[in-house]
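To start, the structure under review is shown below, and the notes come after it.
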Protein chains: 2
Amino acid sequence: MKTDPETKPDLSAQIAKAIRDAIIEGRMIVDERLPSEAELADQFKVSRPTVREALKRLAAQSLIRTQRGAFGGAFVRHLSYEEAYGQHITTSTLLLSMNAVSFETACEARYALERACAPLACTRRSADHLATMRAEIHRQGQPGLSDEAFCASDVTFHRALVDAANNPVLSYQLAGAVEAMQPLMNMITFTARSRETIVQLHTRIADALEHETPQQADTALHELEAYTLTLGRDVMAARTRQNA
Amino acid sequence: MKTDPETKPDLSAQIAKAIRDAIIEGRMIVDERLPSEAELADQFKVSRPTVREALKRLAAQSLIRTQRGAFGGAFVRHLSYEEAYGQHITTSTLLLSMNAVSFETACEARYALERACAPLACTRRSADHLATMRAEIHRQGQPGLSDEAFCASDVTFHRALVDAANNPVLSYQLAGAVEAMQPLMNMITFTARSRETIVQLHTRIADALEHETPQQADTALHELEAYTLTLGRDVMAARTRQNA
DNA sequence: TACATTTAATTGTCTGACAATTTGTTGGCA
DNA sequence: TGCCAACAAATTGTCAGACAATTAAATGTA
């Protein structure tokens, strides 16, 4: 592990990169212990605080974990789906908010991806997934529900749809798209009328999965996309009027 | 910005979380300057090295950037698509390799997502995207190409397909799926015979996009998935034999 | 005014120290 | 012998203070 001698960025960044590359390229395996901070400082010819900054960078990316005490130290971490989800969602959310992605674009992406899951979900959905979807549909029909709670339930419903495809890679990729859109969706006010329409479409989707009719799921998702889009446009239009 | 007084994790982690939350919840906007390290140390009642470790954590997540000199400091960073891509791909690649995702699962996810793009790509593809795809198809037909180069060209081709949908959110989500699979794909040896089959399928996909026939693109992608799967299975079978 | 110089603010790095935590070891005791 | 407590060692976590490097603003000068 060596640092490039002529590069400009911070020493701690260089060292972090050197170690990161070692992990990513498989030169260090899961649960392998890194040299102690003092040893790394010697190896890289820097002080311990600099090494520590590098290690904290890696910890922030969930690439290592540290343990105090004798025979403690930094260990290569096993990246779990849960943590990867978390990072992915954080990044996606920021990306959407900072880059002012339009509601249309986000919506289009989300439903395109969900439609990709539908055929798989039709063949693989478990009773559990169906039950979750039915339960959320029921909740969405309750009159006293706040907009936020309705939205959260919506996310749960759609995650169940995605998870029903029973493909962890798909679930991971889509978690970002669905959950990252929640802040955008939260801006929508769901009237009793619009909730009714959405519940009907959700019911059609759940039915399609239960009866294994992918074509109907596809159609319902198309309609839901179109409907969500009109709701979103109304909000945006109202907002524009307000600002003008 | 305050730290939870009763939590156990490192001070630097707590401080990083406090600042991260402020950024994610929009309490700090892009390009806003954070207090200097000395001020943060005062605010949080910790030493400067501890603050620095926290800031390095945030820098590792591309949430802030730092600038030296007078009126320098840490600034909330504008997260670009390119950086988000990079992080997403790194995480996805690690996830695939560490969790021993099967070739089948990864393949299924990848092509399901690509099929989701196809209809959009048919209506929106630019001359540029088509040209890229044709160029890569031509390259893939060259006899002297190494397996790695063939693979890289394959990735470029498929990224062009995804980008043709002209939806940055879709491109971002799929970059992980397509590029993260490259290490898995690299294990495959592409014979002249299999390359010919792939080139034919790629041609059909490009044709479908050019003629705006989404159904044909869908079919070709299904066939490509099935074919890739058989290639992958052969490799796995050979590998198993070798180990036995 | 235009340009060079100084100055102040800020991050980057180092040194050395001590606290906190965990593990292995040793010694005493039954 | 076998068990338990105290101790030693290794390692990360935190702190204080210092100096170097860098950069923008302020200042002085032609």
Side-chain angles (χ1 to χ4, degrees), chain A residues 1-20 22-23 28 31-77, chain B residues 1-20 23 28 31-78:
Chain A
M1 286 190 288
K2 272 183 189 162
T3 51
D4 195 328
E6 91 223 6
T7 43
K8 324 168 195 170
D10 298 348
L11 284 177
S12 71
Q14 289 177 41
I15 293 167
K17 183 176 187 317
I19 301 175
R20 177 163 41 236
I23 295 175
M28 305 203 66
D31 283 335
E32 187 176 341
R33 182 179 175 280
L34 273 70
S36 74
E37 295 175 353
E39 285 176 86
L40 287 171
D42 269 359
Q43 271 187 38
F44 288 110
K45 303 269 173 49
V46 296
S47 68
R48 196 159 79 93
T50 304
V51 167
R52 282 183 62 78
E53 287 179 10
L55 292 179
K56 294 310 159 200
R57 287 174 190 263
L58 300 177
Q61 295 182 307
S62 304
L63 284 171
I64 60 169
R65 70 190 148 78
T66 54
Q67 238 175 356
R68 286 226 271 207
F71 288 70
F75 298 83
V76 177
R77 194 165 181 186
Chain B
M1 291 190 284
K2 271 183 192 163
T3 50
D4 196 326
E6 93 226 6
T7 44
K8 318 168 197 170
D10 298 348
L11 285 176
S12 71
Q14 289 177 41
I15 293 167
K17 183 177 187 320
I19 300 175
R20 176 163 42 237
I23 295 175
M28 304 203 65
D31 283 335
E32 187 174 343
R33 182 177 174 281
L34 273 70
S36 74
E37 295 176 355
E39 285 177 87
L40 287 171
D42 270 0
Q43 271 187 39
F44 288 111
K45 303 269 173 48
V46 296
S47 68
R48 195 158 82 93
T50 303
V51 167
R52 282 184 61 79
E53 287 180 10
L55 293 179
K56 293 312 157 198
R57 286 174 190 265
L58 299 177
Q61 294 182 307
S62 304
L63 284 171
I64 60 169
R65 71 188 148 78
T66 54
Q67 234 177 349
R68 288 227 271 206
F71 288 72
F75 298 84
V76 177
R77 193 163 184 189
H78 182 97

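Residue numbers begin at 1 in each chain, while the letters A, B, ... track the order of the sequences.
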Atom CG in A:Leu34, atom CG in A:Leu40: separation rounded to 0.5 Å? 6.0 Å
Starting at the 5' end of nucleotides 11-21 of chain D, put B wherever the base has a protein heavy atom under 4.0 Å, S where only the sugar-phosphate does, and a dash everywhere else. BBBBB--B--S
For the student: nearest non-hydrogen atoms of B:Leu55 and B:Ile19, plus distance: CD2-CD1, 4.3 Å
Pairs flagged by side-chain hydrogen bond (donor to acceptor under 3.5 Å, both in side chains) wherever residues 66-76 of chain B is involved - sequence neighbours left out: none
Check whether any side-chain N or O of A:Arg65 sits under 3.5 Å from a backbone N or O of A:Asp31 as a donor-acceptor pair, and report yes or no. no
Can you tell which of A:Arg52, A:Arg57, A:Lys17 makes a side-chain hydrogen bond (donor to acceptor under 3.5 Å, both in side chains) with A:Ser12? A:Arg57
